[in-house]
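Heavy-atom basis, side chains included; hydrogens, waters and symmetry copies ignored. Letters A, B, ... are given to chains in the order of the sequence lines, protein chains preceding strands, and every chain is numbered from 1.
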Amino acid sequence: MLPHKQIELKLQAAVREILPDADVSAVLVRPCEPKFGDYQSNALMSLAKVRKMNPRQLATDTLAKLDVSELCAKVEIAGAGFLNFRLKNSVLAQTLEAAARREHLFFDQAAQPKTVVIDFSSPNVAKPMHVGHIRSTGIGDALQRTLRLLGHTVISDNHIGDWGTQFGKLLLGWKQSLDRAAIERDAIAELERLYKLINAECDANPARLEEAKAELVKLQAGDAENISIWKEMIRLSQIQFDTIYSRLGVKFDFALGESFYNPWLGDVVSDLMQRGIARESEGAVGVFSDGSLLPKEDPFLVNRDGEWIADPALVRKSDGGFNYTTTDLATIDYRLKTWSPDEIVYVVDDRQGPHFKKLFLIFARWQSAAANKVKLVHVGFGKIMGDDGKPFKTRSGDTVKLGDLLDEAEERAYKIVSEKSAELPESQRKEIARVIGLGAVKYADLLPNRQSDYIFSWDKMLALQGNTAPYLVYAYARIKSIFRKAESGKRKAEIALAAPEELTLAKHLLNFGITLEAVADELRPNYLCNYLFELAGKFTSFYENCPVLKADDAATRDSRLALCDLTARVLKQGLETLGIETVEQM
RNA sequence: GCGCGCGUAGCUCAAUUGGAUAGAGCGUCGGUCUCCGAAGCCGAAGGUUGUGGGUUCAACCCCCGCCGCGCGCACCA
């Protein structure tokens, strides 16, 4: 167990002695500014506050019950009631030595592993994956990797958009205007063309819309021909998805699309109606406010000109078709019955916030017992903007296709690599460009706080200076270059930390696990990005100031080599957790 | 109109339970390669965290008002 965790447990035990009724789960030990110590706890101040106690007195009493002398060189009470811990150098060195022996890599497996379903990516059949999908896909993948690394059970499920009203138009287009050669050449482009064609016709001509609707009804009724065309469209789309996911290195345990839940939709609606949760209105069926919330907080109400009027979630359209709320309810039901997860996480655009708010409330009303046992979380994210501050588009104003974006990333990276490392063979430069290009796009997407919009900039994400994937991979490659130059042979296992840069780097390595846990708890991969950037910075600072291969003596050299190796391993593991590969040389 | 989200250095972004002197990169100015990868590193300048109140030992963070921007407001997802 890592030292900070040991301190934390001892502190919690001490608090329990002083305040037997206190909830010590909030008593945490966190890294802090070096001038105060290595770790800090501010938990006593809030505990004192709710009890109207003197925080410094509580700190003094707690400290009297706390023996961390095996771990800490110093414990102090500071400020309004902070506890500051300074780790013993020997403990620090031992922790690093254990890591060097491969006993750990600065993180512990979760004490209480959870089962988590993560729903992400969710592309639509017959449409090209576009730049927007990078967000859900990248964030979702980073989260599944993080949770898995910490020992949680993850079920990743790609909720593909393979059902819905668009298929009426697509079927009509397929039957009447399909270009056989085009579908062989580029299936998605042809499907897109068909959709746009019929969509435009429907806009102009109501009769065409009726034809499309008729095709949809036939599909929903199980018409053999329509079903077979629909399946072919899914198959063609799946090839596209697989190509993209394989490039991105993203894997799903399941890809149960919307259509998978069709058999249960009718039952969901009738059950909701029987329980009085849903009712008919204007020919449709919807879930309305149950009045349990204040109007302001009630997503089923909307204010129009000073009056609160109903804003229901529809579960059945007046034509008998079902809405996505219905599918989503059936999906929750299926996931709970199949996997019994502790949590279901939806990595979906922030704009769907209101939908999820309603969905979760409806589910709680529908299956209150089951709802109490599962945490439903919407992990929302903002939009990708162009440098003009408007949604990111191509020059001609079209949506940027994900495949094109990844191609361009690799091309741009290849130009840079060829410029900087012209001496490397072309095949190697191509491989470096692939890793750097894709890594740059992913990293740029994971770095900003996910809820905010961010501006897409090739120059920034591919820059070698600043908080970018190329910078991090460069730091990794530099370390690897040290080992190519180091003579192989038996090295001493002791780690001795003397220079301030060595200590700073070593202490930062110890915080890897805290960072991973923060990512898992708050579902925010950007914490890990920032941690790795700091790690690379602290490493470089160490590297500038502390000769490794040219160290004064063999013991220092071996100790520093060990620090280099541990840094490289954390960098590699960290980047891998973000879904980013590394190269040994660039 | 109503609701949700956002507003942090010239620009792009951070800030891990409400915690200690709000941090990076770009750009600007200056320093640093006979020395392990200079695609690097070090330093300087740059802030009333949109604004006005409030809660607190402590507020970028919580509460209220205002200003600005974005998004969403039954039978698409």
Side-chain angles (χ1 to χ4, degrees), chain A residues 26-28 30-33 35-36 40 42-43 45-46 48-49 55-56 78-82 84 122 124 161 164-166 258 281-286 296-297 299 301-319 321 323-325 327-328 348-355 357 380 382-383 387 389 416-417 419-421 447-449 451-455 457 459-460 463-468 470-471 474-475 477-478 481-482 485-486 514-515 517-519 521-522 524 526-527 529-531 533-534 537 540-541 543-545 547-551 564 585-586:
Chain A
V27 177
L28 302 175
R30 287 287 170 256
C32 69
E33 284 188 58
K35 63 177 174 184
F36 296 123
Q40 156 273 123
N42 55 46
M45 289 181 283
S46 36
K49 188 179 183 69
R56 285 194 68 107
F82 292 91
N84 292 334
S122 314
N124 289 313
T165 46
Q166 74 272 25
E258 292 169 0
S281 166
E282 298 173 28
V285 176
K296 233 183 115 169
E297 287 155 10
L301 292 177
V302 63
N303 194 307
R304 283 273 155 72
D305 303 323
E307 238 179 292
W308 291 101
I309 62 167
D311 183 24
L314 296 189
V315 291
R316 198 175 75 199
K317 299 188 280 183
S318 52
D319 68 5
N323 306 69
Y324 77 142
T325 299
T327 313
D328 282 354
V348 181
D349 193 328
D350 256 335
R351 282 173 293 192
Q352 293 200 36
H355 163 67
K357 215 168 174 178
K383 296 184 292 296
D387 43 21
I416 297 170
V417 173
E419 208 174 285
K420 307 280 188 188
S421 305
L447 179 62
N449 187 327
Q451 74 218 36
S452 49
D453 297 342
Y454 77 91
I455 294 182
S457 162
D459 290 342
K460 278 186 179 143
L464 273 295
Q465 60 273 45
N467 196 348
T468 66
Y471 174 83
Y474 175 66
R478 280 175 97 182
S481 131
I482 298 169
K485 294 197 170 107
I514 294 177
T515 307
E517 284 164 17
V519 172
D521 287 347
E522 298 188 36
R524 292 185 185 279
N526 65 311
Y527 292 161
C529 297
N530 287 316
Y531 169 84
F533 179 60
E534 279 172 33
T540 319
S541 169
Y543 186 66
E544 296 278 334
N545 290 290
V548 179
L549 297 175
K550 296 176 181 171
C564 289
Q585 207 178 341
M586 63 187 273

> Can you find a donor-acceptor N/O pair under 3.5 angstrom joining the side chain of A/Thr165 to the base of B/A77?
no
> Which is true for A/Glu419 with a 4.0 Å heavy-atom rule: it touches a base, it touches only sugar-phosphate, or it touches nothing?
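Nothing, no heavy atom under 4.0 Å.
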> Determine the interatomic distance between C1' on B/A22 and the same-named atom on B/C60; round to the nearest Å.
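Nearest-Å result for B/A22 against B/C60 at atom C1': 8 Å.
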> Identify the nucleotide, in any strand shown, that forms a Watson-Crick or G-U wobble pair with B/U56, with both distances under 3.5 Å; if there is none, say none.
none
> Need to verify one output field. Residue with the more 5' nearest nucleotide on RNA chain B, A/Pro55 or A/Ile455?
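By nearest-heavy-atom nucleotide position, the 5'-most residue is A/Ile455.
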> Going by 5.5 Å between centroids and 30° between planes, is there a stack of A/Phe82 over B/G19?
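It does not: the two rings, one from A/Phe82 and one from B/G19, miss the stacking criterion.
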> For the base of B/C75, is there a side-chain donor-acceptor partner from A/Ser318 under 3.5 Å away?
yes
> Does any nucleotide pair with B/G30 by Watson-Crick or G-U wobble geometry, both distances under 3.5 Å, and what is it?
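Across all strands, the one nucleotide that pairs with B/G30 is B/C42.
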> Using whole Å, report how far CZ of A/Arg30 lies from C1' of B/U16.
7 Å
> Rounded to the Å, how far apart are A/Glu517 CD and B/U16 P?
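A/Glu517 atom CD is separated from B/U16 atom P by 17 Å.
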> Rounded off to whole Å, could you give me the CG-to-P distance for the A/Asp349 and B/C4 pair?
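Taking atom P of B/C4 as the reference, CG of A/Asp349 is at 18 Å.
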> Nearest to the A/Met45 side chain among B/C6, B/A39, B/G19, which nucleotide is it?
B/G19
> Checking only heavy atoms, does the side chain of A/Lys35 share a donor-acceptor pair with the base of B/U21 at less than 3.5 Å?
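Pair found.
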> If B/A22 has a Watson-Crick or G-U wobble mate with both distances under 3.5 Å, name it; if not, just say none.
none
> Can you name the nearest heavy-atom pair linking A/Asp311 to A/Val302, along with the distance?
CB-CG1, 3.8 Å
> Starting from the 5' end of RNA chain B, give me the residue, A/Asn530 or A/Tyr471, whose nearest nucleotide shows up first.
A/Asn530
> Looking at B/A20, does its base get a donor-acceptor pair with the side chain of A/Gln40 below 3.5 Å?
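Answer no: no donor N or O sits under 3.5 Å from an acceptor.
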> Is there a donor and acceptor pair, one atom on the side chain of A/Asn526 and one on the base of B/A15, closer than 3.5 Å?
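There is none.
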> Using a heavy-atom cut-off of 4.0 Å across all strands, would you classify A/Leu314 as base, sugar-phosphate, or nothing?
base
> Of the nucleotides B/U16, B/G3, B/C41, which one has an atom closest to the side chain of A/Thr540?
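In terms of side-chain proximity for A/Thr540, the closest of B/U16, B/G3, B/C41 is B/C41.
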> Considering only side-chain heavy atoms of A/Asn42, which listed nucleotide, B/G25, B/A14, B/U17, is closest?
B/U17
> Which part of the nucleic acid does A/Ser452 contact within heavy-atom distance under 4.0 Å: base, sugar-phosphate only, or nothing?
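Since only primed, P, OP1 and OP2 atoms lie under 4.0 Å of A/Ser452, the category is sugar-phosphate.
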> Need the pair for B/G1. Rule: Watson-Crick or G-U wobble, both distances under 3.5 Å, any strand; none if unpaired.
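Its partner is B/C73.
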> Using a heavy-atom cut-off of 4.0 Å across all strands, would you classify A/Gln585 as base, sugar-phosphate, or nothing?
base
> State whether the distance check finds a donor on one side and an acceptor on the other, under 3.5 Å, for side chain A/Ser421 versus base B/A39.
yes
> Within the 4.0 Å heavy-atom criterion, would you say A/Thr327 contacts the bases, only the backbone, or no part of the nucleic acid?
nothing
> Round to the nearest Å and state the distance from A/Asp453 atom CG to B/C71 atom P.
9 Å
> Pick base, sugar-phosphate or nothing for A/Asn545, based on heavy-atom distances below 4.0 Å to the nucleic acid.
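It contacts nothing in the nucleic acid.
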> With rounding to whole Å, what would you report as the distance between B/U21 and B/G65 at their P atoms?
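Taking atom P in both B/U21 and B/G65, they lie 30 Å apart.
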> Using purine N1 to pyrimidine N3 plus N6-O4 or O6-N4 for Watson-Crick, or N1-O2 and O6-N3 for G-U wobble, both under 3.5 Å, which nucleotide pairs with B/G68?
B/C6
> Answer with base, sugar-phosphate or nothing: what part of the nucleic acid does A/Asp459 contact at a heavy-atom distance below 4.0 Å?
nothing
> For B/C61, which nucleotide is its Watson-Crick or G-U wobble mate, given both distances must be under 3.5 Å?
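When the pairing criteria are applied, nothing turns out to pair with B/C61, so the answer is none.
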> Given B/G70, is OP1 or OP2 found less than 4.0 Å from the side-chain N or O atoms of A/Arg351?
no
> Return the stacking result for B/C76 and A/Tyr324: yes when the ring centres lie under 5.5 Å apart and the planes under 30°, no otherwise.
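Per 5.5 Å and 30° rule: no stacking.
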> Just how far, in rounded Å, is P of B/A24 from CD of A/Gln465?
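Distance check: A/Gln465 CD to B/A24 P gives 17 Å.
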